[in-house]
Amino acid sequence: MTLFGKLGKYSKHKLEIEIDDELDIYKIGKYANGRQVSVSVEIEDGRRISPDQRKKTYALIHDVCDYLGYPDDAMEAWFKYQFIQRKGIEWFSLSNCSMSLATSYLTFILDFCFEQDIPFRTKTWDMIPTDYHLTLQCLKHRKCVICGKRAQFAHVNAVGMGVNRNKVDHRQRYVMPLCVNHHTEQHNKGIDSFINYYHIKPVKPDLETLRILKIRGDYEDKEELDGTTKDVQ
């Protein structure tokens, strides 16, 4: 359910939004089903799409076309249709859309590439910013956040020798997905220099990600995580 409106009063932890159309109270109540409803607010910053965003978007689409064998224009139309259906928005153009919409669209295509295991060309991978979302997707799909090769689960702060990793709550520790070569480089450079050099945004994995990776640990709900995955520092 997507709503549009204007931002009114706001404070550090509260937003007041004036909705363009009348709220469907019944539908909201149905979605709530007796629980607290979670929402996501996207604030338009007024800036237009940048040439860099446009270039990255078309590069991703071209990689998909190369792999699946579809024409670029047909693939672009399909992506846009799927995106506007999910967002509940009108058709848009990459020539003049907002920067925030362009970012959301780029993320949508990136997620598709990860889910479908679309191989990235080196040139395309180098253009993708190593932001939080990319790091999280790389972690879930075991891809090195720097080069895209098969990755390991690497802690930013070492767990320590003698510590039972099955008793560690990995959700409270920052991690990043690195291939063997870049993990070795991380040790040689030192963690701070390495992160700053590659502009990596380490993440704290949620329980869903840990299940996907089959990482055992001490978690509040005590749910079993089947299997094991190599856990490196």
Side-chain angles (χ1 to χ4, degrees), residues 2 4 7 40-149 151 156 174-179 181-182 185-186 189 191-204:
T2 302
F4 297 92
L7 182 63
S40 175
V41 179
E42 183 174 307
I43 299 178
E44 173 61 62
D45 59 15
R47 295 179 294 171
R48 298 293 96 187
I49 182 174
S50 69
D52 186 56
Q53 286 179 311
R54 193 178 298 112
K55 181 180 179 181
K56 291 172 182 175
T57 300
Y58 283 128
L60 282 176
I61 293 175
H62 186 69
D63 280 2
V64 174
C65 291
D66 274 355
Y67 184 69
L68 298 180
Y70 293 110
D72 284 23
D73 54 351
M75 200 73 241
E76 181 187 357
W78 184 85
F79 271 127
K80 279 188 180 180
Y81 178 77
Q82 297 298 322
F83 180 72
I84 65 175
Q85 288 295 310
R86 176 174 296 186
K87 291 288 186 178
I89 60 176
E90 296 181 354
W91 198 261
F92 63 96
S93 172
L94 286 178
S95 64
N96 60 1
C97 68
S98 69
M99 183 170 284
S100 57
L101 179 61
T103 299
S104 183
Y105 184 50
L106 180 62
T107 300
F108 174 77
I109 299 174
L110 184 64
D111 288 349
F112 174 88
C113 291
F114 274 106
E115 293 298 332
Q116 300 301 320
D117 199 23
I118 304 295
F120 297 97
R121 289 180 299 171
T122 302
K123 184 178 180 181
T124 304
W125 188 265
D126 289 343
M127 288 193 297
I128 302 173
T130 49
D131 60 9
Y132 184 93
H133 186 80
L134 175 64
T135 304
L136 189 59
Q137 282 287 32
C138 285
L139 190 65
K140 288 181 178 180
H141 295 274
R142 300 180 180 87
K143 293 182 182 291
C144 177
V145 70
I146 298 172
C147 67
K149 293 180 181 178
V156 171
Y174 283 101
V175 298
M176 51 189 174
L178 299 175
C179 67
N181 291 337
H182 281 113
E185 182 182 347
Q186 174 250 303
K189 282 182 179 291
I191 188 64
D192 292 334
S193 297
F194 182 81
I195 289 175
N196 291 331
Y197 182 80
Y198 286 108
H199 307 289
I200 297 174
K201 300 291 190 297
V203 300
K204 287 184 177 180

> Regarding Glu76 and Tyr81, do their side chains bring together a donor and an acceptor under 3.5 Å, going by distance alone?
no
> Show the nearest heavy-atom pair for residues Leu139 and Pro177, with the distance to one decimal.
N-CG, 3.6 Å
> Got Pro202 and Ile195 here, is their nearest side-chain heavy-atom distance under 4.5 Å?
yes
> What's the shortest heavy-atom distance between Asp72 and His62, and which atoms?
OD2-ND1, 3.0 Å
> Hey, do the aromatic rings of Phe79 and Tyr105 have their centres closer than 6.0 Å?
no
> Between Gln186 and Met176, is there a side-chain heavy-atom distance shorter than 4.5 Å?
yes
> Are any non-hydrogen side-chain atoms of Gln137 and Leu110 less than 4.5 angstrom apart?
no
> Classify the ring geometry between Phe194 and His182 as parallel (under 30°), tilted (30 to 60°) or perpendicular (over 60°).
tilted
> How far apart are the C-alpha atoms of Val64 and Met75, what are their side-chain angles, what is the distance that settles it, and do they pass the side-chain contact (heavy atoms from CB on, under 4.5 Å) test?
CA-CA 8 Å; Val64 174; Met75 200 73 241; 3.8 Å; yes
> Before we go on, tell me: are the rings of Phe112 and Trp78 under 6.0 Å apart, centre to centre?
yes
> Test side-chain contact (heavy atoms from CB on, under 4.5 Å) on Val175 and Lys204 and set out the steps.
CA-CA 6 Å; Val175 298; Lys204 287 184 177 180; over 6 Å; no
> Can you tell me how far the CG atom of Asp63 sits from the CZ atom of Phe120, to the nearest 0.5 Å?
7.5 Å
> Taking all heavy atoms of Ser93 and all of Lys80, pick out the closest pair and write down the distance.
CA-NZ, 3.9 Å
> For Phe92 versus Cys97, what's the shortest heavy-atom pair and its separation?
CD1-CB, 4.2 Å
> Find the distance between CD1 (Ile109) and CD (Gln82) and round it off to the nearest 0.5 Å.
11.5 Å
> Indicate yes or no: at least one non-hydrogen side-chain atom of Met99 is less than 4.5 angstrom from one of Ile49.
no
> Using every non-hydrogen atom in the two residues, find where Val145 and Trp125 come nearest and quote the distance to one decimal.
O-NE1, 3.6 Å
> To the nearest 0.5 Å, what is the distance between CZ on Arg121 and CG on Asp66?
6.0 Å
> Is the charged tip of Lys140 near the ring of Phe114: under 6.0 Å from the six-membered ring centre and within 45° of its axis?
no
> If you round to the nearest 0.5 Å, how far is CD1 of Ile61 from OH of Tyr58?
7.0 Å
> Could you grab the distance from atom CG of Leu101 to atom CZ of Arg48, nearest 0.5 Å is fine?
9.0 Å
> Report the distance from atom OG of Ser193 to atom OH of Tyr198, rounding to the nearest 0.5 Å.
12.0 Å
> Heavy atoms, side chains only, cut-off 4.5 Å: are Leu134 and Thr107 in contact?
no
> Would you please test Ile200 and Ile146 for side-chain contact (heavy atoms from CB on, under 4.5 Å) and show each step?
CA-CA 8 Å; Ile200 297 174; Ile146 298 172; 3.9 Å; yes
> Does Cys147 reach the side chain of Cys179, with side-chain heavy atoms less than 4.5 Å apart?
yes
